[in-house]
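Everything below concerns the one structure shown next.
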Amino acid sequence: MATEQSTRTPATATGDTRIHNIGYRSYDGPRLGRSYARLSLYSQSLRGAYGLGRSVKSKVLPMLLFVVMCVPAAIMVAVAVATKAKDLPVDYTRYAIIMQAVISLYVASQAPQSVSRDLRFKTVPLYFSRPIETADYVRAKFAALASALFILTAAPLLVLYVGALLAKLDFTDQTKGFAQGLVSVALLSLLFAGLGLVIAAVTPRRGFGIAAVIAVLTISYGAVSTLQAIAEVQNSGDGIAWIGLFSPITLIDGVQSAFLGATSAFPGGVGPSTGEGVVYVLFTLGLIAACYGLLTRRYRKVGL
């Protein structure tokens, strides 16, 4: 807090001359430390992922994508209730796979927003001055985007679950499917958040970051799906599962079809076996850890 003292000198030919003596008092309030600063950065980043606390223009796209994710689930529930169906049209574990384009667009729009502005305006060293360290910044940003993605992907599953209970479908089956769906989208959220932040942290230009994230998520899925289709035509069934390791969405598809009882979107509807599923899990967790390591290394260089 600054205190200002002024000393007025006699008027001269050039007018009044004022000398300012600005002093600063030390801060006497509570010091909440790294954990509070990390939590504040997390909550601010999570709010920013949905445009909260920002301009109306910043809220339009994330809120629109959230609505787009939930509307199909609401329609499915309405149809199930109206027709008195015995099951939902789509499994909980399949919903995120079907809506992958919306999820990819959300990651592409919000990952650069989370990190690119700090890089562009060179404010990252200010975060690291005190008390936040590099690991704190990376953890807060990673956790915030993963949480935002989990909200985006879990909300329609909750709509499906509540609708299924209102339609008086079997409680045990619906609860089991809902829990499996939550596990699937939690893993998807971590993976997509890590990939999106790593790509966005490469460039301070938000436009470049958006284009790069879209390219990686969509082109990889298109290429893998094409190669899997070719492998099926050539009766190379054993290669289909291994090709699926090279796309984020097929990684999640393989994990949930191997361990969560989900129906696979792989050609022929045959997902990885249990042994191959273990490789999928290890590869997915390793990729998430690699993304965290790359982010940490990136911000250590930026913060110098």
Side-chain angles (χ1 to χ4, degrees), residues 42-54 56-77 88 90-116 139-164 177-200 206 209-210 212-214 216-218 220-221 247-253 255-256 260 262 265 284 287-288 291:
Y42 165 78
S43 61
Q44 179 190 29
S45 301
L46 178 57
R47 285 167 51 85
Y50 284 96
L52 302 179
R54 301 172 60 203
V56 175
K57 182 180 178 181
S58 300
K59 297 180 176 68
V60 173
L61 184 58
M63 292 301 182
L64 178 61
L65 293 176
F66 182 83
V67 171
V68 171
M69 282 290 295
C70 293
V71 166
I75 294 174
M76 292 177 189
V77 165
L88 292 173
V90 175
D91 293 336
Y92 295 97
T93 50
R94 290 288 304 150
Y95 194 85
I97 304 297
I98 295 173
M99 303 296 290
Q100 61 177 292
V102 180
I103 300 172
S104 298
L105 185 58
Y106 181 86
V107 176
S109 63
Q110 297 310 312
Q113 180 275 328
S114 181
V115 297
S116 294
R139 289 170 189 165
K141 291 292 184 178
F142 202 137
L145 186 56
S147 299
L149 275 169
F150 183 76
I151 293 172
L152 180 75
T153 53
L157 300 187
L158 181 60
V159 173
L160 289 173
Y161 180 64
V162 173
F178 179 58
Q180 291 173 337
L182 290 181
V183 172
S184 176
V185 297
L187 191 60
L188 181 148
S189 299
L190 288 171
L191 179 60
F192 275 50
L195 291 173
L197 289 175
V198 166
I199 296 169
R206 185 180 178 184
I210 292 174
V213 173
I214 291 177
V216 170
L217 295 180
T218 59
S220 64
Y221 177 72
S247 168
I249 197 67
T250 53
L251 271 175
I252 302 300
D253 190 347
V255 170
Q256 66 181 19
L260 299 178
T284 302
L287 191 55
I288 294 171
C291 289

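These numbers were taken from a predicted model, which means no experiment stands behind them.
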**Message:** If only side-chain N and O atoms count, and only distance matters, is there a donor-acceptor pair under 3.5 Å linking Tyr42 with Ser147?
**Reply:** yes
**Request:** Verify, without hydrogens or angle tests, whether Arg94 (side chain) and Ala262 (backbone) share a donor-acceptor contact under 3.5 angstrom.
**Result:** no
**Complete:** Heavy-atom nearest pair, Leu149 first then Ala193, reads CD1-N, 3.7 Å
**Prompt:** How many angstroms lie between OG in Ser58 and CE in Met63, if you round to the nearest 0.5 Å?
**Reply:** 11.0 Å
**Item:** Atom pair CD (Gln110) and OG (Ser45), whose distance is rounded to the nearest 0.5 Å
**Value:** 11.0 Å
**Request:** Could you tell me which non-hydrogen atom of Pro112 sits nearest to which non-hydrogen atom of Arg206, and how far apart they are?
**Result:** CB-CG, 3.7 Å
**Flag side-chain contact, heavy atom, 4.5 Å: Leu287 against Leu251** = yes
**Request:** Would you check if Leu197 and Cys291 make a side-chain contact, meaning some heavy-atom pair closer than 4.5 Å?
**Result:** no
**Complete:** Heavy atoms of Tyr50 and Leu152 approach each other most closely as OH-N, 3.3 Å
**Asked** Side chain of Ser109, backbone of Tyr106: donor and acceptor closer than 3.5 Å?
**Response** yes
**Asked** Given side chains that start at C-beta, do those of Thr284 and Ile288 come closer than 4.5 Å, heavy atoms only?
**Response** yes
**Prompt:** Can you name the closest pair of heavy atoms from Ser116 and Ala200 and give their distance?
**Reply:** OG-O, 3.7 Å
**Donor-acceptor contact below 3.5 Å, side chain Tyr92 vs main chain Ala179** = no
**Item:** For Ser43, all residues meeting side-chain contact (heavy atoms from CB on, under 4.5 Å), sequence neighbours excluded
**Value:** none
**Request:** Ignoring hydrogens and angles, tell me if any N or O in the side chain of Ser184 forms a donor-acceptor pair with the backbone of Gln180 under 3.5 Å.
**Result:** no
**Item:** Val159 versus Val77, closest heavy-atom pair with distance
**Value:** O-CG2, 3.5 Å
**Item:** Rounded distance [0.5 Å steps], CD1 in Ile103 versus CG in Leu65
**Value:** 10.5 Å
**Message:** Can you tell me how the ring of Phe178 sits relative to the ring of Tyr161, calling it parallel under 30°, perpendicular over 60° and tilted otherwise?
**Reply:** parallel
**Message:** Once rounded to the nearest 0.5 Å, what's the spacing between atom CG of Leu188 and atom CD1 of Ile252?
**Reply:** 5.0 Å
**Asked** Can you check whether Phe192 reaches Leu145 side chain to side chain, under 4.5 Å on heavy atoms?
**Response** no
**Message:** If I take atom OG1 from residue Thr218 and atom CD1 from residue Ile249, how far apart are they, to the nearest 0.5 angstrom?
**Reply:** 12.0 Å
**Asked** Taking C-beta and beyond as the side chain, do Leu195 and Val216 meet within less than 4.5 Å on heavy atoms?
**Response** no
**Asked** Out of Leu187, Val183, Asp91, Ile97, which residue meets the side-chain contact (heavy atoms from CB on, under 4.5 Å) rule with Gln256?
**Response** Ile97
**Request:** Please round to the nearest 0.5 Å and tell me the distance separating atom CE of Met76 and atom CG of Leu88.
**Result:** 9.0 Å
**Asked** For the side chain of Lys59 and the backbone of Leu52, is there at least one donor-acceptor N/O pair under 3.5 Å apart?
**Response** no
**Request:** Would you mind listing every salt bridge (Lys or Arg N to Asp or Glu O under 4.0 Å) that reaches into residues 140-158, with sequence neighbours excluded?
**Result:** Asp118-Lys141
**Fill in**
Looking only at heavy atoms, the pair that brings Pro72 and Tyr95 closest together is CB-OH, 3.4 Å
